[in-house]
Engineer: 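Have a look at this one.
Atom set for the values below is all heavy atoms of this structure, side chains included, hydrogens, waters and symmetry mates excluded. Order of appearance sets the numbers: ligands from 1, and atoms from 1 within every ligand. Quick caveat: nothing in here was measured; it's all calculated off a predicted structure.
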Amino acid sequence: LPPGPITLPLIGNIPQIVYYSWKNNGIVPAFEYFRKKYGNVFTLWLGPFPHVSIADFETNHEVFVKNGNRYKDRFLSPIFEELQEDHGLVFANGEKWAELRKFTMVTFRNMGVGNEIMEEKIMEELNARCTDLDNDAVNGRTIVEHGKLFELMVGSVINSLLVGKRFGEDNKEEFLHIRHLIETSNEVFTTFDMIMPVWVLKTFFPARFGTAANALNTIKDYLGKEAEERFENLISGKYVLDENSPKDYVDAFLVKMQKEKDHPAYTMKSLKFVLSDLWSAGHDTTATTLISGFNQFMHHPEVARKCREELLRLTDGGSRPLSLKDRAESRYLNATIAEIQRHASILNVNFWKTSDAPTKINEYELDAGEILTAQMSALHVNEDIFKDAGEFRPERFLEDEKLIHQLIPFGIGKRSCVGENLARAELFLVFGNLLLRYDIQPHGKLPSTADQLPFSAVKIADTSAKLEFIKI
Ligand code: HEM
């Protein structure tokens with residue numbers, strides 16, 4: 001195995017991980033400490049299990065892209081293996097997962113490239129939120145809790161793309177209910193539940209196991225109810241599918257279901273799991289990136305100003321909205337979004353992958369079944385790649401145009417993000433058009449740009465401050 005700290009019997013490197021996380025104030029700085037000491041590929045033992053982290057681009061590319069077929073399996077925690085029954089996209093492996101991943105990517109691509117549904121839905125949502133902001137303005141200023149604004153906006157876009165319904169004033173409660181279900185489920189699943197064998201949970205903690213199972217089923221059933229209704233209407237002839245132009249993800253899935261009647265991936269049960277995964281994986285990630293970005297702008301108004309200058313130039317002084325067609329020419333905005341994503345690096349600890357055959361990484365020969373991961377957050381603070389990594393400086397991507405290829409906020413290889421195209425479109429259109437329409441300033445205290453949960457697996461942005469949106 002690649003080098004790492006000295007391991008102790010049974011507890012492995014847990015004492016060192018805890019100590020260096022505490023000393024450096026977070027898991028990511030602890031990873032950077034280990035990387036500097038042991039190299040870009042290092043092993044940490046979680047109890048009796050070794051984990052190999054890869055924190056540079058070249059090795060990640062070699063392992064997860066060039067030899068990607070060997071690393072397509074996600075390491076699944078026993079409770080997820082039991083509850084997901086190999087359904088869905090995030091906590092599943094095998095042929096059904098591969099088929100659904102391909103279908104989802106093609107469907108999103110068709111929505112984006114073929115007929116621009118994606119851009120239309122994002123802009124419809126953005127325009128509706130801007131109308132609300134303008135209606136609430138007092139003396140041209142609207143005070144906004146930006147955490148809530150972006151959570152609702154992103155939730156609306158996903159819901160609209162998946163089941164064709166955005167959240168307006170009349171059905172905002174539905175959004176809050178979905179948020180509540182996802183938050184409850186996040187609270188229910190602790191590290192303890194993730195590592196315990198299912199028989200232990202079922203035998204000694206049956207109530208706890210029941211609560212976890214219930215939380216997952218409730219989300220799935222709630223998010224799947226629109227699809228269920230549509231399916232029933234389709235069977236009874238009340239709903240007619242347009243095969244050539246499905247209006248959302250559920251339509252596309254139902255078309256496929258009719259064509260592939262015997263395929264185990266295309267069933268109503270499978271659809272419910274997929275909808276739930278797309279919602280959960282696509283919501284917090286995108287909303288957190290938007291919130292982190294605006295928090296950065298409050299500390300770096302000169303960056304917001306430079307983006308605006310570029311956008312005004314591209315849109316003839318703001319006489320039209322920014323569109324995805326402007327992407328190639330928005331060099332400064334693209335560099336800024338890259339720097340926002342580098343700092344926002346959603347996962348402090350990336351999902352683990354297992355290899356299905358013995359492999360060689362650099363000079364190390366790894367057995368089949370070893371656990372590996374592209375440790376993205378560690379890569380994004382790797383000083384050998386991103387000099388002065390703690391600084392927020394979009395210019396770094398303009399000074400060295402190849403640098404952007406070393407940034408992997410959506411992961412790398414066969415398990416990289418399925419929603420990357422959608423997320424990139426959302427980030428570009430929302431950041432760009434809001435900067436074009438509003439001068440945005442802090443209201444009261446400045447939001448923090450630091451991760452609010454540096455000891456957890458997922459990053460959380462500061463949503464406690466308020467912002468002022470001043471129409472330009
Ligand atoms: C800025 C926004 C987003 C970021 C930073 C992000 C990041 C990621 C990352 C890091 C992974 C795991 C990669 C790995 O295991 O190595 C992932 C997986 C995934 N993401 Fe995203 N994501 C974003 C938005 C979305 C959206 C909008 C959707 C869908 C609507 C989505 C759906 C998924 C799914 C389904 C997976 C699992 C893919 C698989 O295992 O095959 N994500 N994402």
Engineer: What are the atoms of ligand 1, with element, lying closer than 4.0 Å to any heavy atom of Thr289?
Structural biologist: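 Per the distance check, 1 (C).
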Engineer: Would the Phe103 and Tyr249 ring centres measure less than 6.0 Å apart?
Structural biologist: yes
Engineer: Establish, from distance only, whether the side-chain atoms of His299 and Thr449 form a donor-acceptor pair under 3.5 Å.
Structural biologist: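 No, because no side-chain N or O of His299 sits under 3.5 Å from a partner of the opposite role on Thr449.
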Engineer: Does an N or O anywhere in Lys353 fall below 3.5 Å from an N or O of ligand 1?
Structural biologist: yes
Engineer: Identify, by atom number and element, the atoms of ligand 1 in contact range of Arg101, meaning under 4.0 Å from any of its heavy atoms.
Structural biologist: 38 (C), 39 (C), 41 (O)
Engineer: Check Ile346 against ligand 1 and report side chain, backbone, both or neither, counting heavy atoms closer than 4.0 Å.
Structural biologist: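 It is the side chain that gets close, since no backbone atom is under 4.0 Å.
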Engineer: Checking contacts here: is it the side chain or the backbone of Arg415 that comes within 4.0 Å of ligand 1, counting heavy atoms only? Could be both or neither.
Structural biologist: both
Engineer: Using a 6.0 Å distance limit plus a 45 degree cone around the ring axis, check whether Lys220 lies over the aromatic ring of Phe273.
Structural biologist: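 Satisfied, under 6.0 Å and within 45°.
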Engineer: Checking contacts here: is it the side chain or the backbone of Arg74 that comes within 4.0 Å of ligand 1, counting heavy atoms only? Could be both or neither.
Structural biologist: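 The part of Arg74 near ligand 1 is the side chain, not the backbone.
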Engineer: Regarding Arg415 and the six-membered ring of Phe351, is the cationic atom NZ or CZ under 6.0 Å from the ring centre and inside 45° of its axis?
Structural biologist: no
Engineer: Just jot down the ligand 1 atoms closer than 4.0 angstrom to any heavy atom of Asn350, in number order.
Structural biologist: 14 (C), 15 (O), 16 (O)
Engineer: Atom 21 (Fe) of ligand 1: which protein N, O or S atoms are under 2.8 Å away?
Structural biologist: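 Under 2.8 Å from atom 21 (Fe) of ligand 1 - ignoring waters, which are not counted - the protein N, O or S atoms are Cys417 SG.
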Engineer: Please report whether the ring centroid of Tyr20 lies less than 6.0 Å from that of Phe31.
Structural biologist: no
Engineer: For Glu395 and Tyr332, which I'm curious about, is there any donor-acceptor pair between the side chains at under 3.5 Å?
Structural biologist: yes
Engineer: Output yes when the distance from some N or O of ligand 1 to some N or O of Ser416 is under 3.5 Å, and no in every other case.
Structural biologist: no
Engineer: Residue-level breakdown please: for Leu161 versus ligand 1, do any non-hydrogen atoms fall below 4.0 Å on the side chain, on the backbone, on both, or on neither?
Structural biologist: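 Looking at Leu161 and ligand 1, no heavy atom falls under 4.0 Å.
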Engineer: I'd like to check which ligand 1 atoms, numbered from 1 as shown, lie under 4.0 Å from a non-hydrogen atom of Pro409.
Structural biologist: 5 (C), 7 (C), 10 (C)
Engineer: Please could you name the atoms of ligand 1 that Met376 approaches to less than 4.0 Å, counting only its heavy atoms?
Structural biologist: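 Near Met376, meaning under 4.0 Å from one of its heavy atoms, ligand 1 has 10 (C).
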Engineer: For Leu89, take its heavy atoms, then give the atoms of ligand 1 lying under 4.0 Å from any of them.
Structural biologist: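 It comes down to these atoms of ligand 1: 35 (C), 39 (C), 40 (O), 41 (O).
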Engineer: Using a strict 4.0 Å cut-off to heavy atoms of Thr286, name the atoms of ligand 1 that fall inside it.
Structural biologist: 1 (C), 2 (C), 24 (C), 27 (C)
Engineer: Heavy atoms only, cut-off 4.0 Å: how does Trp97 contact ligand 1, side chain, backbone, both, or neither?
Structural biologist: side chain
